Amino acid sequence: MKSMTGTIGRWQGAGLMATTLLGTGVFILPQMTIAVAGTGALAAWLILTIAIIPVALVFGLLSGRFAHAAGPAYFVEKAMGATAGRTIGLIFLLVIPIGAPAAILMTFQFMDAMWPMSGAEQLVAQLFIVLLLLLLNVRGIQVSAQLQFGLTLAIIAVVVALISVSAPEMVKVDVFQAQTFEYSGLMLAVGIGFWSFLGIEAMSHLATEFKQPKRDMLPAMVMGTVLVGVIYLLCTLLLLATPEAITGVAMMAAFDYWLAGTAFNGAGVYVIGILGIVSGLATVNVYAASAARLLWSFSQEGIMPRYFSTLNEHAVPQRALMMILATMAVVITLTYFSGQDLESLISWSNGVFVVIYLVTLLAAIKLLGKKALPIVICGSVFCVGVAIALGINMLYALVLVIIFVPFVGYQKKHLERKQAV
């Protein structure tokens with residue numbers, strides 16, 4: 001049976017990491033956090049950026065030392081046993097149908113600003129995106145890595161241009177406005193902003209795609225994470241310094257405001273729109289690739305049907321990929337007809353990832369040893385804090401865990417009985 005071979009290096013990995021985290025949220029989430037927390041959004045992003053670093057360090061170390069297509073599910077299984085590991089893997093598979101529509105709905109905020117479409121037209125376009133993801137992935141992740149590295153540079157260039165022009169006004173922003181800096185708003189902003197750092201665990205599924213995962217996974221993940229935190233912080237400050245920008249897609253208005261009188265005046269809707277659409281596709285692309293590799297790994301272990309255990313000529317788990325994308329298409333269609341709102345989808349997804357991050361951090365205590373204990377504790381405190389911020393929205397994750405723990409336990413015993421016969 002063919003196996004996966006590494007094709008990407010450190011900088012391509014950093015580009016994958018950055019665009020996965022920037023993704024759909026880079027031009028949307030700062031606006032959403034300002035809407036709920038005012039100037040407190042800056043504190044929320046600063047807290048998130050600092051607090052997520054220990055999580056990125058742990059995932060980078062684990063991915064480098066224990067490179068495996070199952071990612072966190074493999075780490076947890078090595079440390080805590082098959083039931084815990086498989087449960088983590090299955091809840092990851094089941095968060096994709098929730099997270100992918102949320103990401104695509106975000107993407108279509110940019111598309112709607114550029115080319116307004118009716119509801120039915122949007123649904124057709126969203127399903128076309130799913131087909132595009134299949135074509136992008138079927139030849140291997142190295143193609144996406146190269147494209148997404150270039151996308152990262154383009155996003156950075158736009159943000160740097162806007163920051164350089166608006167810097168004199170940005171330094172005047174009163175970040176401690178008492179009337180907007182409230183604890184409840186701050187925690188809500190942290191809960192929403194956590195979405196921006198979803199992708200750390202997805203990268204761990206792609207560790208086997210790196211030429212030298214032990215050398216490159218940690219720097220790629222940390223560089224990407226820190227870069228993204230800084231960009232979100234600067235974009236939030238930029239919007240706070242832009243008069244009357246928080247309407248529609250605020251970054252489009254900010255682009256035109258700060259570049260008024262230049263050759264780019266009026267181009268905000270297209271520049272931000274195109275970057276927003278492409279980065280949104282990049283995020284969903286990485287999650288589709290990650291989930292496909294997890295499904296492929298589980299099928300090899302007998303947890304999922306053997307049908308998904310084959311690779312195509314490019315060493316891509318094509319059957320697993322098609323299954324993941326088909327599920328996305330079904331959920332996107334159901335989301336359209338049910339009218340589910342974006343904020344709920346984001347919060348439900350965040351709750352599942354909080355569980356995945358926290359359990360993986362706890363597994364790292366055994367796998368990485370006592371030297372890693374300080375960063376594990378810091379990361380765990382952060383995850384508990386985000387869970388508190390999400391509140392009732394953690395229910396979706398908890399229900400999945402309650403359902404899958406006994407199911408996986410039963411399946412494990414059934415497989416053991418079959419092997420004993």
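We're numbering straight along the sequence, starting at 1. Since we're looking at a predicted model, the values are computed, not measured.
The side-chain hydrogen bond (donor to acceptor under 3.5 Å, both in side chains) analysis of residues 315-332, with sequence neighbours excluded, yields the pairs Asn312-Gln318. Annotation: ring pair (Phe, Tyr, Trp, His ring centres under 6.0 Å) contacts involving residues 36-60, sequence neighbours excluded, comprise Trp45-Tyr232, Phe59-Tyr357.
Side-chain atoms of Phe353 and Val386, non-hydrogen and from C-beta on, never get closer than 4.5 Å to each other. For the pair Ile324 and Leu93, the minimum side-chain heavy-atom distance is below 4.5 Å. In this structure, the side chains of Val58 and Pro54 stay at 4.5 Å or more apart for every pair of heavy atoms. Inter-residue side-chain proximity for Met251 and Gln31 is flagged as unmet; no heavy-atom pair is nearer than 4.5 Å. In this structure, the side chains of Leu62 and Leu367 come closer than 4.5 Å at one or more pairs of heavy atoms. The side-chain heavy atoms of Thr360 and Glu201, taken from C-beta on, include no pair separated by under 4.5 Å.
Judged by distance alone, the side chain of Thr33 and the main-chain N or O of Pro30 form a donor-acceptor pair under 3.5 Å. When atom types are taken as modelled, the side chain of Ser204 and the backbone of Gly71 share no donor-acceptor pair closer than 3.5 angstrom. Under the 3.5 Å distance criterion, the side-chain polar atoms of Asn350 are matched with a main-chain donor or acceptor of Gly191. Side chain of Arg65 to backbone of Lys214: no donor-acceptor contact under 3.5 angstrom is found.
Between Leu325 and Ala288, the shortest heavy-atom contact is CD2-CB, 3.8 Å.
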Could you check Val226 against Thr49 for side-chain contact (heavy atoms from CB on, under 4.5 Å), going step by step and ending with a plain yes or no? CA-CA 7 Å; Val226 172; Thr49 301; 5.6 Å; no
Check the pair Thr225, Ile200 against side-chain contact (heavy atoms from CB on, under 4.5 Å), reporting the backbone distance first and the verdict last. CA-CA 8 Å; Thr225 301; Ile200 292 176; 4.2 Å; yes
Decide side-chain contact (heavy atoms from CB on, under 4.5 Å) for Val95 and Ile91; before the verdict, give the C-alpha distance in whole Å, the side-chain angles of both, and the deciding distance to 0.1 Å. CA-CA 6 Å; Val95 77; Ile91 68 172; over 6 Å; no
Derivation and outcome, side-chain contact (heavy atoms from CB on, under 4.5 Å), residues Leu227 and Ile156: CA-CA 9 Å; Leu227 175 63; Ile156 291 172; 3.5 Å; yes
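From Ile332, atom CD1 reaches atom CG of Leu123 across 8.0 Å, with rounding to the nearest 0.5 Å. Atom CE of Met252 and atom CD1 of Ile272 lie 7.5 Å apart (nearest 0.5 Å). Annotation: the span from Ile47 atom CD1 to Met187 atom CE amounts to 8.0 Å, rounded to 0.5 Å. Atom CZ of Phe407 sits about 9.5 Å away from atom OG1 of Thr87, to the nearest 0.5 Å. For the atom pair Leu127 CG and Thr333 OG1, the distance stands at 4.5 Å (nearest 0.5 Å). Here the CG atom belonging to Leu94 is positioned 11.5 Å from the OG atom belonging to Ser349, to the nearest 0.5 angstrom.
Enclosure of atom CE in Met322 is not indicated, since only 12 or fewer non-hydrogen atoms of other residues, nucleotides or ligands lie within 6.0 angstrom. Counted within 6.0 Å of CE on Met323, heavy atoms from surrounding residues, nucleotides or ligands total 12 or fewer; the atom is thus considered open.
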